[in-house]
Amino acid sequence: MSPAARVERVVTSGTFSLDGETFDVDNNVWLIGDDDEEVLIVDAAHDAAAITAAVAGRRVTAIVCTHGHDDHIGAAAGLAAATGAPVLLHPAEHELWEAVHADHKPDAELTDGMLLTVAGIDVQVLHTPGHSWGSCSLYVPFLDAVFTGDTLFHGGPGATGRSYSDAPTITASIRARLLTLPGGTVVHTGHGQDTTIAAERANIPAA
């Protein structure tokens, strides 16, 4: 394992549109990698140029989309073209993806339990549906970190009031797949500030 592996955040701004409504949003784009050689990108939001600048010449091993909402994938095709990296997305998100990128399909599918490797460390894919049917989180034990997209935030579950979402499903996903992680695990979210698994155990309704 690489002692140089670390996490970087890039905040990009744009809009989120679904079900006929549009909102201004700031998104967290996460880079998992080392200082000099390679990096994995979590959620290509809004601004391919800003993300490419943060990559700073490192090889991009993959562009992983936690889910298919337009604010999380808007820059994915451009970033893939700029870096040559494959785009990975859960197959249940393809309808959302195609609404944004009709002419560019994802390169590979995310599956539950799949292991990705970057900078000598493992990144484990956890299927955590509810915010959308194919939402995934990424657990990185070496970094004591989990990247939850819009599934779990500081303060509780992500939104479920729109198409492709379900409140009981997201709560079940969080209980079974995320709250079972070590309490000190840092939760890197799709929007807003970090939290921890221990802190969020108090914010999830009991079964």
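Quick caveat, the model's predicted, so the values are computed rather than measured.
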(message) Ignoring hydrogens, what is the shortest heavy-atom contact between Arg201 and Leu181? Give both atom names and the distance.
(response) NH2-O, 2.7 Å
(message) If we ignore hydrogens and angles and just use 3.5 Å, is the side chain of Trp97 paired with the main-chain N or O of His104 as donor and acceptor?
(response) yes
(request) Answer with yes or no whether the side chains of Asn27 and His46 bring together a donor and an acceptor at under 3.5 Å. (result) yes
(message) So Trp30 and Val7, do their side chains get closer than 4.5 Å, heavy atoms only?
(response) yes
(message) Has Asp122 got a side-chain atom pairing as donor or acceptor with Thr117's backbone, closer than 3.5 angstrom?
(response) no
(message) Looking at His72 and Val29, would you say the former's side chain and the latter's main chain have a donor-acceptor pair under 3.5 Å?
(response) no
(request) Assess the side chains of Tyr164 and Glu95: does a donor N or O sit below 3.5 Å from an acceptor N or O? (result) yes
(message) Taking side-chain contact (heavy atoms from CB on, under 4.5 Å) as the criterion, tell me which of Ile41, Leu88, Leu89 meets it with Cys65.
(response) Leu89
(request) Would you tell me whether His191 and His154 have side-chain atoms, one donor and one acceptor, within less than 3.5 Å of each other? (result) no
(request) Check for a donor-acceptor pair, side chain of Ser165 on one end and backbone N or O of Arg162 on the other, with a separation under 3.5 Å. (result) yes
(request) Mind checking side chain to side chain contact (heavy atoms under 4.5 Å, CB included) for Gln124 and listing every partner two or more places apart, or none if nothing turns up? (result) Leu115, Leu126, Tyr139
(message) Before you tell me yes or no, could you show the steps for Thr128 and Ser137 under side-chain hydrogen bond (donor to acceptor under 3.5 Å, both in side chains), namely the whole-Å CA-CA distance, both residues' side-chain angles and the distance that decides it to 0.1 Å?
(response) CA-CA 6 Å; Thr128 50; Ser137 300; 3.1 Å; yes
(request) Indicate whether any N or O donor in one side chain lies under 3.5 Å from an N or O acceptor in the other, for Thr61 and Glu38. (result) no
(request) Would you kindly say whether Ser135 and Ser132 are connected by a side-chain donor-acceptor distance under 3.5 Å? (result) yes
(request) Decide whether Asp26 and Ser13 meet the rule of one side-chain donor and one side-chain acceptor closer than 3.5 Å. (result) yes
(request) Might you point out which heavy atoms bring Val140 and Ile32 nearest each other, and give the distance in Å? (result) CG2-CD1, 4.2 Å
(message) Give me the atom names and distance for the closest heavy-atom approach of Ala75 to Ala48.
(response) CB-N, 3.6 Å
(request) Specify the closest pair of heavy atoms between Asp150 and Ile170, including all atoms of both residues, with the distance to one decimal. (result) O-CD1, 4.3 Å
(message) If you compare all heavy atoms of Val64 against all heavy atoms of Leu110, which two are closest, and at what distance to 0.1 Å?
(response) CG1-CD1, 3.8 Å
(message) Can a donor-acceptor pair be found, under 3.5 Å and without considering hydrogens, that links the side chain of Asp43 to the backbone of Ala45?
(response) no
(message) So does Ser17 get a backbone contact from the side chain of Asp70, meaning a donor-acceptor N/O pair under 3.5 Å?
(response) yes
(request) Identify the two heavy atoms, one from Ile63 and one from Ala44, that lie closest to each other, and give their separation to 0.1 Å. (result) CG2-CB, 4.0 Å
(message) Side chains of Leu96 and Ile73, heavy atoms from C-beta outward: is any pair under 4.5 Å?
(response) no
(request) Could you tell me whether the side chains of Asp166 and Thr160 share a donor-acceptor contact shorter than 3.5 Å? (result) no
(message) When you measure from the side chain of Thr196 to the backbone of Ala199, do you find a donor-acceptor pair of N or O atoms at a distance under 3.5 Å?
(response) yes
(message) Donor-acceptor pair, distance only, cut-off 3.5 Å: does the side chain of Glu37 make one with the backbone of Ala119?
(response) no
(request) Examine distances only and state if a side-chain atom of Ser173 and a backbone atom of Pro129 form a donor-acceptor pair shorter than 3.5 Å. (result) yes
(message) Taking the basic N atoms (NZ, or NE/NH1/NH2) and the acidic carboxylate oxygens, is any pair closer than 4.0 Å for Arg58 and Asp34?
(response) no
(message) So Arg6 and Asp35, do their side chains get closer than 4.5 Å, heavy atoms only?
(response) yes
(request) Could you check if a side-chain atom of Glu109 sits within less than 4.5 angstrom of a side-chain atom of Met114, using non-hydrogen atoms only? (result) no
(message) Tell me if the centroids of the rings in His69 and His131 come within less than 6.0 Å of each other.
(response) yes
(request) Go through Val125 and Thr111 one step at a time and tell me if the side-chain contact (heavy atoms from CB on, under 4.5 Å) criterion holds. (result) CA-CA 7 Å; Val125 178; Thr111 58; over 6 Å; no
(message) Just checking Glu8: does its CD atom have more than 12 heavy atoms from other residues, nucleotides or ligands closer to it than 6.0 angstrom?
(response) yes
(request) Please find out if less than 6.0 Å separates the ring center of His101 from that of His94. (result) no
(request) Would you mind reporting whether Val42 and Thr66 have side-chain heavy atoms less than 4.5 Å apart? (result) yes
(request) Answer yes if Leu143 and Val123 sit in the same cluster of Ile, Leu, Val, Met, Phe, Trp and Tyr residues linked by side chain heavy atoms under 4.5 Å apart, and no otherwise. (result) yes
(message) Is it the case that the side chains of Thr15 and Asp24 hold a donor-acceptor pair, with the cut-off being a distance below 3.5 Å and no angle test?
(response) no
